[in-house]
> 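If you scroll down you'll find the structure; I have some questions about it.
In what follows, residues are counted from 1 in the order of the sequence shown.
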Amino acid sequence: MRQFHAPGRVNLIGDHIDYMGGTVLPMAIDRGTDLWARPRSDRLIVAESDNFPEAGRIVAEVDADPPRPEWDWVNYLVAVASVFRRRGFEVPGVDVRVRGSIPNGAGLSSSASIELAMAVALNAFTGAVVTAAEMALECQRAENSLGVACGIMDQMSIACGRQGQALVIDCQTLQVRTVAFPDDLAVVVANTNHRRELSDSAYNQRREACEQAEQLLGRRLVDIDKDESTDALSSLPASLRPRARHVVTEQARVIAFERALAGGDRDALGALMRASHESLRDDFEVTGPALDAMVEAAWAAPGVVGARMTGAGFGGCTVNLVEPDSVDEFEASVKARYAAVTGLTPDFYGVRSADGAHEVVA
Ligand code: GLA
């Protein structure tokens, strides 16, 4: 079998603006999906996951249109096969084994990671020369076909990751810049372990609200200067105004964050992350008590540089920039405060930037 690897991702700043054509600032991480695969002579996808041993071997059809409930997680593989097929590539049946190190449902893009691992495998087997951005688009299409109207950030971060770098992704043009991630900052992802509820429908509703605001204004939200936003957004109905304001201000924060990273301005990094969380909490309303308790604990903890929710929200994880020498103290302090408020025990993952999806050549 040939081995392929796709990272997960953590978004440092710029949430809920990718689907509005905004610029986001994530990084690919050193937790991800290993996928071993070989072509078969029939039209089946025969897959097993070390993470779901109880599910056993799942046999799906490469020519089918997903999702089918009995195919469970393998629907991601079938969805990617299906978008490759529609592009005109001759996709073979495949034997697949998968092992992932990304906690599921935590907001670190385990599904996009599986999709991109499958996409690089199919790229290799079909001889398709699909670029990283095209692969990301195919995988976004695959994910959309499974019911979430997600943007392109996760798939692009996973396709284009670079060790040592954070990514600045323009989700309109799909151009990617890199910005060196400082060696003297630790990235700690904290899992609230609070189950995400109604996240798909609420996600799709937020996106619709932003699209409606753009239609009413007749211009792109990410093009509005934050200093003119009060006037520019004043004609919107009160229900849409805060959603639109989040998109406008978050976009400005991403650009300022890139500058602060490059210039090593830690105070600015912290202030921007805090403002981003507050905007996602108050204007976009995608945080909830568990995420709010987690960042409040982090803001008060020793060694913190910055903390915010990351990803879609509604539960899941926060991302924290921490002084490397203080990571243990930071985690102990956050854990105690968070548990006292919520009664939940968090998990912490120290992560580092990593390369994008690729074949692992021995
Ligand atoms: C999820 C989606 C992304 C993005 C984030 C929020 O991760 O898959 O496209 O919209 O939420 O920033």
Side-chain angles (χ1 to χ4, degrees), residues 8-17 24-27 29 31 103 106-109 153 157 166 179 181-182 184-194 196 246 249-250 252-254 256-261 264-342 344-353:
R9 70 97 186 88
V10 65
N11 191 22
L12 297 173
I13 198 159
D15 272 312
H16 287 280
I17 60 172
V24 297
L25 210 156
M27 70 185 202
I29 58 173
R31 280 178 176 254
L108 299 177
S109 294
M153 170 172 74
S157 341
V179 47
F181 192 84
D184 57 352
L185 265 187
V187 182
V188 177
V189 173
N191 192 341
T192 58
N193 286 327
H194 174 75
R196 292 199 281 170
H246 166 72
T249 57
E250 185 77 349
R253 285 185 287 269
V254 170
F257 193 91
E258 180 185 4
R259 221 177 302 130
L261 252 193
D265 184 347
R266 293 177 170 221
D267 290 346
L269 293 175
L272 289 162
M273 289 176 84
R274 187 179 188 121
S276 169
H277 185 89
E278 288 168 347
S279 177
L280 287 155
R281 180 189 68 197
D282 303 336
D283 278 351
F284 220 65
E285 295 184 89
V286 292
T287 61
L291 281 168
D292 292 339
M294 186 73 98
V295 288
E296 270 154 38
W299 290 336
V304 69
V305 172
R308 59 183 288 280
M309 62 150 265
T310 183
F314 313 105
C317 290
T318 64
V319 58
N320 305 274
L321 302 185
V322 183
E323 302 286 357
D325 291 345
S326 306
V327 169
D328 290 346
E329 261 180 292
F330 170 84
E331 290 179 3
S333 163
V334 171
K335 182 176 176 184
R337 275 174 197 258
Y338 177 72
V341 176
T342 63
L344 295 168
T345 307
D347 284 313
F348 298 98
Y349 324 107
V351 297
R352 287 171 186 277
S353 57

> Decide yes or no for L261 and L25: does some side-chain heavy atom of the first lie under 4.5 Å from some side-chain heavy atom of the second?
yes
> Looking at every heavy atom in both M294 and A190, which two are closest together, and how far apart are they?
CE-CB, 3.8 Å
> Just by modelled atom types, is the A293 backbone N or O under 3.5 Å from a matching donor or acceptor in the Y338 side chain?
no
> Parallel, tilted or perpendicular: which describes the rings of W299 and H277, with under 30° parallel and over 60° perpendicular?
perpendicular
> Among R253, H16, R308, whose side-chain contact (heavy atoms from CB on, under 4.5 Å) with S279 holds?
R253
> Hey, what do you get for CG (N320) to OG1 (T310), rounding to the nearest 0.5 Å?
10.0 Å
> Please round to the nearest 0.5 Å and tell me the distance separating atom CG of N11 and atom OG of S276.
8.0 Å
> Below 4.5 Å, heavy atoms only, C-beta onward: do V305 and M273 meet side chain to side chain?
no
> Taking atom CZ of R352 as the centre, does the number of heavy atoms from other residues, nucleotides or ligands within less than 6.0 Å exceed 12?
no
> Find out whether L108 and V351 are in side-chain contact, i.e. whether some heavy atom of one side chain is under 4.5 Å from a heavy atom of the other.
no
> What are the two closest non-hydrogen atoms of A166 and M27, and how far apart are they?
CA-CB, 4.0 Å
> Measure the CD1-CZ distance between I29 and R9 for me, rounded to the nearest 0.5 Å.
8.5 Å
> Among T342, V295, L291, which residue satisfies the side-chain contact (heavy atoms from CB on, under 4.5 Å) criterion with T192?
L291
> Given F330 and E323, is the side chain to side chain contact (heavy atoms under 4.5 Å, CB included) satisfied, shown in steps?
CA-CA 9 Å; F330 170 84; E323 302 286 357; over 6 Å; no
> Let me confirm one number: the CG-CD distance from L272 to E250, rounded to the nearest 0.5 Å.
9.5 Å
> Is H246 reaching over with its side chain to a backbone N or O of D15, donor-acceptor style, under 3.5 angstrom?
yes
> Taking the side chain as everything from C-beta on, heavy atoms only, tell me whether R31 gets closer than 4.5 Å to V189.
no
> Using side chain to side chain contact (heavy atoms under 4.5 Å, CB included) as the criterion, list what pairs up with R337, not counting sequence neighbours.
A297, A300, S333
> Testing the basics here: between S326 and G303, what is the closest heavy-atom pair and its distance to 0.1 Å?
CB-CA, 3.7 Å
> Provide the closest heavy-atom pair for L344 versus P346 in the form atom of the first, atom of the second, distance.
O-CD, 3.7 Å
> Side chain to side chain contact (heavy atoms under 4.5 Å, CB included) for V286 and M309? Distances and angles first, verdict last.
CA-CA 9 Å; V286 292; M309 62 150 265; 4.1 Å; yes
> Just how far is it from atom OG1 of T345 to atom CG of N191, taken to the nearest 0.5 Å?
11.5 Å
> Measure the spacing between CG of D184 and CG of L321 and express it to the nearest 0.5 Å.
11.0 Å
> Please tell me if the side chains of V254 and V24 come closer than 4.5 Å, counting only heavy atoms from C-beta onward.
no
> After noting the C-alpha distance and the side-chain angles of F348 and V327, does the key distance pass the side chain to side chain contact (heavy atoms under 4.5 Å, CB included) rule?
CA-CA 10 Å; F348 298 98; V327 169; over 6 Å; no
